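Below: one structure, written as structure tokens.
Predicted model only: the values in this text are computed from it and were never measured. Lettering follows sequence order; numbering is per chain, from 1.
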Amino acid sequence: MNDPLIEDICAVVAAIPRGKVTTYGEIARLIGRPQNSRLVGRTMGRITDRPHIPCHRVVNSQGRLAPGWDEQRDLLLSEGVTLKANGNVDMKRCAWRPFDTEELQ
DNA sequence: AGACTGACGATCC
DNA sequence: GGGATCGCCAGTC
């Protein structure tokens with residue numbers, strides 16, 4: 001059964017353009033739970049059965065990728081996401097903003 | 001009911 | 001800029 005929380009997260013994550021990434025905190029804020037960023041990450045772990053949801057485009061504020069998910073790094077690289085030497089995502093270039101779509105910047 | 005943990009965030013060093 | 005610590009909320013043991 002899909003919880004309303006999962007539906008909200010999927011809606012936001014699905015809106016992330018290719019080559020861009022967003023943070024759990026940003027999603028949490030968009031779904032109305034600015035302090036539940038951890039719940040978002042935990043919930044996303046349950047969305048693994050949703051291939052249509054690019055959950056690999058979701059990282060934390062540090063640009064750190066999900067632990068135990070080495071495939072995520074390869075997926076991001078395939079989309080043109082720039083990673084730093086330490087393996088973190090370059091949020092400076094790939095941080096997606098709902099208000100700032102492809103038409104802007 | 002109580003304690004621990006976590007795909008986190010912000011702050012401090 | 002990177003690493004360590006504290007704080008928040010919900011889920012799990």
Side-chain angles (χ1 to χ4, degrees):
Chain A
M1 306 300 284
N2 299 337
D3 295 281
L5 181 62
I6 294 181
E7 294 300 311
D8 289 335
I9 293 174
C10 287
V12 176
V13 176
I16 304 172
R18 177 177 168 281
K20 292 272 185 168
V21 297
T22 190
T23 65
Y24 302 100
E26 195 63 50
I27 296 174
R29 188 178 295 187
L30 289 172
I31 65 177
R33 288 191 164 64
Q35 311 225 291
N36 279 49
S37 52
R38 303 201 297 211
L39 181 62
V40 175
R42 193 168 250 318
T43 303
M44 290 192 65
R46 296 177 54 178
I47 310 179
T48 48
D49 51 28
R50 295 270 137 98
H52 302 281
I53 304 302
C55 41
H56 62 268
R57 292 177 189 159
V58 183
V59 298
N60 62 11
S61 59
Q62 305 173 74
R64 187 73 167 82
L65 302 179
W69 196 12
D70 189 50
E71 190 180 10
Q72 184 179 19
R73 187 181 74 89
D74 188 58
L75 289 169
L76 292 173
L77 287 173
S78 300
E79 297 187 345
V81 175
T82 52
L83 267 59
K84 299 199 293 187
N86 58 0
N88 287 16
V89 176
D90 188 358
M91 302 298 290
K92 222 171 193 173
R93 297 210 321 161
C94 304
W96 171 67
R97 302 180 184 179
F99 290 91
D100 194 68
T101 46
E102 61 276 356
E103 51 187 273
L104 196 69
Q105 185 176 94

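At least one donor-acceptor pair closer than 3.5 Å links the side chain of A:Gln72 to the backbone N or O of A:Val58.
Counting to the nearest Å, the C1' atom of B:dG9 and the CD1 atom of A:Ile27 are 14 Å from each other. Remark: P of B:dG9 and CD of A:Glu26 are 10 Å apart, rounded to the nearest angstrom. Straight-line distance from the CG atom of A:Leu5 to the P atom of C:dC9: 15 Å, rounded to whole Å. In this entry the distance linking CG of A:Leu39 with P of B:dG6 reads 15 Å, nearest Å. Put simply, CG on A:Asn60 is 15 Å from C1' on C:dA4, counting in whole angstrom units. One can place CD of A:Gln62 at 14 Å from P of C:dT5, the figure rounded to the nearest angstrom. Look at CZ on A:Arg64: it is 12 Å from C1' on C:dG2, rounded to the nearest Å. Summarising the geometry, the separation between OH on A:Tyr24 and P on C:dC9 is reported as 20 Å, rounded to the nearest angstrom.
Nearest nucleotide to the A:Thr23 side chain, out of B:dG9, B:dA7, C:dG2: B:dG9. Distances from the side chain of A:Trp69 to the nucleotides B:dA7, C:dC8, B:dC8 place B:dA7 closest.
Heavy-atom minimum distance, A:Ser78 versus A:Asp74: OG-O, 2.8 Å.
A donor-acceptor contact under 3.5 angstrom links the side-chain atoms of A:Arg38 to the base of C:dC8.
Sorted by first and then second residue, the pairs that involve residues 52-71 of chain A and meet side-chain hydrogen bond (donor to acceptor under 3.5 Å, both in side chains), not counting sequence neighbours, are A:His56-A:Glu79, A:Arg57-A:Glu79.
Both A:Leu39 and A:Tyr24 are members of a single hydrophobic cluster when ILVMFWY side chains are connected at heavy-atom separations under 4.5 Å.
Position along DNA chain C of the nearest nucleotide to A:Arg42 versus A:Gln35 favours A:Gln35 as the more 5'-ward residue.
OP1 or OP2 of B:dG9 lies within a sub-4.0 Å distance of a side-chain N or O belonging to A:Ser61. At the phosphate of C:dC8, neither OP1 nor OP2 sits under 4.0 Å from any side-chain N or O atom of A:Asn36. Side-chain N/O atoms of A:Lys84 include none lying less than 4.0 angstrom from OP1 or OP2 on C:dG1.
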Show the numbers, then the answer: is there a salt bridge (charged side-chain N to carboxylate O under 4.0 Å, His left out) between A:Arg46 and A:Asp3? CA-CA 10 Å; A:Arg46 296 177 54 178; A:Asp3 295 281; 3.3 Å; yes

